[in-house]
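Let me begin by presenting the structure, written as C-alpha cells, before commenting on it.
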There are 2 protein chains.
Amino acid sequence: MAATQTQAPTGTAQRILDVAERLVQERGYNGFSYANVAGELGITKASLHYHFAGKAELGEALIDRYSARFGEALESIDATITVAGAKLEAYASLYADVLRGDRMCLCGMLASEYQTLPQPMRNSVIRFLDANTLWLTAVLARGRSEGTLSFDGSPTDAAQTVLGALQGAMLVARPYADPARFQAAAAYTLASLNGTPRPS
Amino acid sequence: MAATQTQAPTGTAQRILDVAERLVQERGYNGFSYANVAGELGITKASLHYHFAGKAELGEALIDRYSARFGEALESIDATITVAGAKLEAYASLYADVLRGDRMCLCGMLASEYQTLPQPMRNSVIRFLDANTLWLTAVLARGRSEGTLSFDGSPTDAAQTVLGALQGAMLVARPYADPARFQAAAAYTLASLNGTPRPS
DNA sequence: GTCTATAGGCAGATAGAC
DNA sequence: GTCTATCTGCCTATAGAC
C-alpha cells in the first residue's frame, strides 16, 4: 500500500490497457498492432514488451480487466436495484454506454475472432460469457418467480437469448453508427420479458 | 452460353471464392491471407491476383456473391412458404445451416470488422443488412396484418431486432461450438412473435 | 492462367545501452 | 522504464517468363 507512485495518476500499464482496449473494441484483436498502441502513447513498441510480454498476454490482461470491471457493474446493479425488469434495463444500458463510444463489447468482438485467438484468451472470453449468462439467469429466474417477468422455457435459455440479442444488436447497429438502432432492439427484447404470462 | 470449359465443373475464380468465403466466415477478413487461400488450392499467391486484383476486390466479390445467394434463398422461401411464422423459421434455419459448418454469417463477421474495411466492402455489407431487414420487415408486417404474428412497435424495429438477435445468437454460440445454443435462442426469439396479442 | 522472383512494408519480438 | 537497433517472418502486390 506504499505510495511509491507520485507523478502519474495512472501507470503506464494502465494507459496501455486503455488504448489497446479501445483499439480492440473498434478494430478487433487482429485489426490492431503494437505499433498502433505505441504510436498513440508516444512510446516505442519495445517499451510495450516491458509491460506485457507479448500481444497474447496483453490480450489476456485486456479481457481480465474488462471482466472485472463488468463484474463490478453487475454487483453495483444488484446492490442498488431490486426489481428484475429494472436490473435488465440497467444491464442493457451498460451495453448502450459501450456503443455510444462507437465501440463493440470487447468480448463480443473477441467472440467473432474466437477461432484465431490464443488459448488463454479463449478461456477468458468464455469466462466472460459464462459470468454474464449466470447473472442474467439469476435475474430472470428471480423475476419470474416474483411474477414481474414472464417467459417460456428455462431461465438459462432465456439468459443466453438476451445476451445474444444484445451483442447482436450492437453488432448490426455499429455499421450504421446509430445508437438508436441498438436502443430499439434492446427495448424490444426486454419488453418481450415483461407483463403477465401469455395466453395459451 | 458456349461451353468452353470442359475440364472443371467450377472455374478457378469460383473455387477461390469458396475457400476465401469459408476462411472469412471462420477467421474474419483481417484473419486470413492470400497465402491461406493459395495454399489450400495448391496455386500461388500471384495466381490469385490474376483473378482478383487485390484483397479488397476479393472481399467485395465475396459479399456480392453471398448476398446474391442469400437473396435467392429468400425468394425461394417466398415461393414455397406462405405462413409468416414458417417463413421466419425457414429464415432462422438458413443461419443454423451456416453455423453448423462452424461458420459465422459472412456479413455478421464483416460487420464486426466494419471499421477496418475498405469503403466498397462497407457499402456491400450495408446492402446485405438492408436487404435482410427489408425482407424481414415485409414478412413481419404481413404476419401481423394477417393475425398470425403479434408484436409491438413498427415492423422495421421488430425486423432489426430479429436480425440482431439471430446474428448475436450465432456470435455467442460459436465459442461454445454448440449449435443447440443457437437453436434455443432462435426458437425463443421467434416464439416471442407468435400467438395472440399480449394483454395490456 | 499459372509460374518464379522479388519488391516494400509492417507484423511481433529481442538484445542491450542508457 | 524507455530507448535504438535489428531480426525474422508474413503481408499484399507487381514484373515478367512460360
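Every chain is numbered from 1, with letters handed out A, B, ... down the list of sequences.
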* To do: Measure the angle between the two terminal helix axes of the helix from dG1(C)-dC18(D) to dC18(C)-dG1(D), five base pairs each, and quote it to 10°.
  => 0°
* Asked: Below 4.0 angstrom from OP1 or OP2 of dG12(C), is there any side-chain N or O of Y34(A)?
  -> no
* To do: Give the rounded distance in Å between these two atoms: CG of L48(B) and C1' of dG1(C).
  => 12 Å
* To do: State whether R22(A) and E40(A) are salt-bridged, where the test is any N-O pair (Lys NZ or Arg NE/NH1/NH2 against Asp/Glu carboxylate O) under 4.0 Å.
  => yes
* Along DNA chain D (nearest heavy atom to each residue), the more 5'-positioned of Y29(B) and Y50(A) -> Y50(A)
* Structure fact -> Residues passing the side chain to side chain contact (heavy atoms under 4.5 Å, CB included) test with D97(B), sequence neighbours excluded, are R100(B)
* Measure the distance from CD on Q14(B) to P on dG1(C) and round it to the nearest whole Å. => 13 Å
* Asked: Would you say H49(A) reaches dT2(D)'s phosphate, i.e. side-chain N/O to OP1/OP2 under 4.0 Å?
  -> no
* Asked: Between the side chains of Q115(A) and R122(A), does any donor sit under 3.5 Å from an acceptor?
  -> no
* Asked: Rounded to whole angstrom units, what separation is found between the CG atom of L58(A) and the P atom of dG12(C)?
  -> 10 Å
* Asked: Does a donor on one side chain sit under 3.5 Å from an acceptor on the other, for S124(B) and R127(B)?
  -> yes
* At under 4.0 Å between heavy atoms, what does F52(A) touch on the DNA or RNA strands: base, sugar-phosphate, or nothing? -> nothing
* Ion pair check, R65(A) and E60(A), cut-off under 4.0 Å -> no
* Asked: Considering only side-chain heavy atoms of A35(B), which listed nucleotide, dC11(D), dG12(C), dA11(C), is closest?
  -> dC11(D)
Please produce a list of atom pairs where a protein N or O lies less than 3.5 Å from an N or O of nucleotides 3-6 of chain D.
residue : atom : partner : partner atom : Å
dC3(D)  : OP2  : T44(A)  : N            : 2.7
dC3(D)  : OP2  : T44(A)  : OG1          : 3.1
dC3(D)  : OP2  : S47(A)  : OG           : 2.8

* Between N132(A) and Y91(A), do the side chains contain an N or O donor and an N or O acceptor separated by less than 3.5 Å? -> yes
* Pair N194(A), S150(A): side-chain N/O donor-acceptor within cut-off below 3.5 Å -> no
* Asked: Side-chain N or O of T12(B) less than 4.0 angstrom from OP1 or OP2 on dT2(C)?
  -> yes
* Tell me, please, whether Y114(A) has R174(B) positioned over its six-membered ring: NZ or CZ under 6.0 Å from the ring centre and within 45 degrees of its axis? => no
* If you measure only the distance, is there a donor-acceptor pair under 3.5 Å linking the side chains of S33(A) and N36(A)? -> yes
* **Whole-Å distance separating the CD1 atom of I16(A) from the P atom of dT2(D)** => 7 Å
